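All remarks here apply to the structure that follows.
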Amino acid sequence: MEARVSVDELNRQLDYLTKGCVDVVPEDELKAKLQRALETGEPLTVKVGFDPSAPDLHLGHTVVIRKMHHFQQLGHRVVFLIGDFTGLIGDPTGKKATRPQLTREEIDANAATYQRQIFKLLDPDTTVIDFNSRWLGALKSEDWIRLAATVTVAQMLERDDFRSRYEAQQPISLHEFLYPLAQAYDSVALEVDVELGGTDQLFNLLVGRHLMRERGMEPQVVMTTPLLEGLDGVEKMSKSLDNYVAVESEPFDMFGKLMSVSDELMWRYWLLLTDRTEAEIGALREQVESGRRHPMEVKKELARTIVGEFHSAEDAATAEAEFERVFSARSTPTEVPDVELKVDGASVLLSKVLVQAGLAASNSEARRLLQQGGVKVDGDALRDPKAEVGTDSSEPLLIQVGKRRFARVTFVL
């Protein structure tokens with residue numbers, strides 16, 4: 001009976017950990033590692049590396065962080081590795097040109113925000129945060145030469161992005177070849193059992209297996225998670241495409257953005273952004289397809305679940321009530337930020353106002369929003385990217401961008 005319970009528990013853990021994964025290389029080794037952990041009580045070491053290339057994490061990043069959380073729930077040791085050294089190289093994955101290298105100041109500033117944001121999902125008491133400069137920065141020139149000798153140029157050109165750039169006669173800098181090696185050495189330094197990453201990281205993760213085997217170590221198991229589609233349902237979630245939901249979005253903004261996804265994409269979000277089992281998600285889908293529940297109702301449940309996890313159940317309920325009030329009654333939100341802007345003329349470019357009021361990230365984005373008809377001033381839609389607004393009125397302007405962003409702007413001469 002004890003063996004049967006052990007097998008049942010092993011299969012339960014395997015199903016839970018591989019939920020939503022694309023690659024598990026190889027699955028039999030993961031099963032063996034989990035079996036050993038159950039028998040000995042020794043946790044597995046599970047690593048995910050993040051280069052601090054931007055200050056904000058979005059829900060797309062949390063797909064793999066959630067998988068870390070799943071290992072953590074089962075008692076395993078998770079390492080959130082901040083690539084402060086590899087960030088200086090720049091991950092070439094998926095790039096058609098050499099990636100700009102970040103400065104040390106940019107990396108340090110971004111890393112500080114990551115340490116705050118990951119604890120929206122991970123347990124701060126049991127999460128190990130490390131920096132790969134600790135060992136990579138200590139390598140001498142001869143160490144890098146020996147490391148480079150473990151992989152051939154032909155192996156590097158097996159990577160799709162390297163191969164396509166080589167065949168198109170586009171430059172590949174030598175330092176870009178060092179990136180997969182550096183990431184692989186992280187696994188050696190940490191003696192990793194499992195490494196997680198997005199599907200675009202598969203090559204780099206497999207180099208880790210190769211290097212560990214070269215060093216006579218038990219190779220890590222590689223697990224990849226899908227790249228989450230953004231709100232448009234087409235491109236992967238990205239801040240540059242403005243189809244993202246930031247981890248630190250305000251509850252109302254997060255709720256509204258999640259409600260904007262298509263009925264079909266909703267199921268992808270249920271799978272990758274919640275802890276619901278595939279059976280539970282399948283039951284929800286069957287209820288919708290049979291007509292017993294409306295898709296909108298299930299989408300609200302999704303938004304409540306995600307907002308509740310990243311904020312609180314109370315915040316989720318308030319955001320839902322506000323969403324109903326604004327979008328059902330087409331009203332203005334009850335809480336609109338008041339912004340005072342100093343000006344020195346009788347009029348000012350609206351695009352400039354949008355940026356200064358925090359409603360657009362840049363002047364180019366502001367002009368694009370205007371051209372797309374996504375900006376209203378006191379209820380009137382303005383489309384001219386060169387539109388100006390008067391600054392001499394004592395009454396504030398109510399500016400709306402899209403469906404969810406508002407600001408009440410007062411000009412100070």
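Remember, predicted model here, so these are calculated numbers, not experimental data.
- Under a 4.0 Å N-O distance rule, the pair Glu176/Arg159 does not qualify as a salt bridge.
- A donor-acceptor contact closer than 3.5 angstrom is absent between the side chains of Tyr185 and Asp143.
- Residues meeting the side chain to side chain contact (heavy atoms under 4.5 Å, CB included) test with Tyr166, sequence neighbours left out: Leu157, Ile172.
- Met217 CE: more than 12 foreign heavy atoms inside a 6.0 Å radius.
- Between Glu191 and Lys47 there is no salt bridge, since no side-chain N of the basic residue sits under 4.0 Å from a carboxylate O of the acidic one.
- For the pair Glu39 and Arg36, the salt-bridge criterion is not met [side-chain N within less than 4.0 Å of a carboxylate O].
- Within a 6.0 Å sphere centred on NZ of Lys19, other residues, nucleotides and ligands contribute more than 12 heavy atoms.
- Electrostatic pairing of Asp15 and Arg12 does not count as a salt bridge here, judged by no charged N lying under 4.0 Å from a carboxylate O.
- Looking at Asp253 and Lys257, a side-chain N of the basic residue comes within less than 4.0 Å of a carboxylate O on the acidic one, giving a salt bridge.
- Judged by distance alone, with hydrogens and angles left aside, the side-chain atoms of Lys239 form no donor-acceptor pair with the main-chain N or O of Ala246 at under 3.5 Å.
- Leu211 approaches Leu181 most closely through the heavy-atom pair CD2-O, 4.3 Å.
- Judged purely by atom type and a 3.5 angstrom limit, Thr18 has no side-chain atom pairing as donor or acceptor with the backbone of Cys21.
- Aromatic ring pairs are classed by plane angle as parallel below 30°, tilted from 30° to 60° and perpendicular above 60°; the pair Tyr16 and His70 is tilted.
- The number of heavy atoms from other shown groups lying within 6.0 Å of CD (Gln372) is above 12.
- Taking the six-membered ring where the residue is Trp, Phe162 and Phe177 present perpendicular rings, their angle passing 60° and hence far from 30°.
- Across all their heavy atoms, Met68 and Val79 have their closest contact at CE-O, 3.6 Å.
- With Asp84 contributing its side chain and Asn132 its backbone, the two residues share a donor-acceptor pair below 3.5 Å.
- Remark: the Thr150 side chain and the Glu214 side chain contain no N/O donor-acceptor pair separated by less than 3.5 Å.
- With sequence neighbours excluded, the residues satisfying side chain to side chain contact (heavy atoms under 4.5 Å, CB included) with Gln72 are His69, Val78, Leu122, Asp123, Thr126, Thr127.
- Looking at Lys299, its side chain does come within 3.5 Å of a backbone N or O of Val261 through a donor-acceptor pair.
- More than 12 heavy-atom neighbours from other residues, nucleotides or ligands sit within 6.0 angstrom of CD on Glu286.
- Scanning both residues, Phe411 and Val348, for their nearest heavy atoms gives CE2-CG1, 3.9 Å.
- No more than 12 heavy atoms of other residues, nucleotides or ligands shown are found within 6.0 angstrom of CD on Glu250.
- Checking side-chain atoms of Asn204 against main-chain N and O of Pro180 turns up no donor-acceptor pair under 3.5 Å.
- The backbone N or O of Leu57 lies less than 3.5 Å from a partner atom in the side chain of Gln117, making a donor-acceptor pair.
- With salt bridges taken as basic N to acidic carboxylate O contacts below 4.0 Å, none links Glu29 and Lys33.
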Show your working on side chain to side chain contact (heavy atoms under 4.5 Å, CB included) between Arg66 and Thr225 and close with a plain yes or no. CA-CA 10 Å; Arg66 182 173 299 278; Thr225 54; over 6 Å; no
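- Put simply, the side chain of Arg383 never gets that close to the backbone of Leu370: no donor and acceptor are under 3.5 Å apart.
- Salt-bridge annotation for Lys300 and Glu297: absent, with no side-chain N of the basic residue lying under 4.0 Å from a carboxylate O of the acidic one.
- Looking at every heavy atom in both residues, Gly83 comes nearest to Pro52 through O-CD, 3.5 Å.
- Every residue meeting the side chain to side chain contact (heavy atoms under 4.5 Å, CB included) condition with Thr199, not counting sequence neighbours, appears here in chain and number order: Val22, Asp23, Thr224, Leu227.
- Counting heavy atoms from C-beta on, the side chains of Asp56 and Thr113 never come closer than 4.5 Å.
- Looking at Arg268, its side chain never comes within 3.5 Å of a backbone N or O of Leu228 through a donor-acceptor pair.
- Pairing each heavy atom of Ala316 with each of Gly308, the nearest pair is CB-N, 3.8 Å.
- A donor-acceptor contact shorter than 3.5 Å is absent between the side chain of Arg304 and the backbone of Ala317.
- Counting only distance, with no hydrogens or angles, the side chain of Arg405 and the backbone of Leu359 share a donor-acceptor pair below 3.5 Å.
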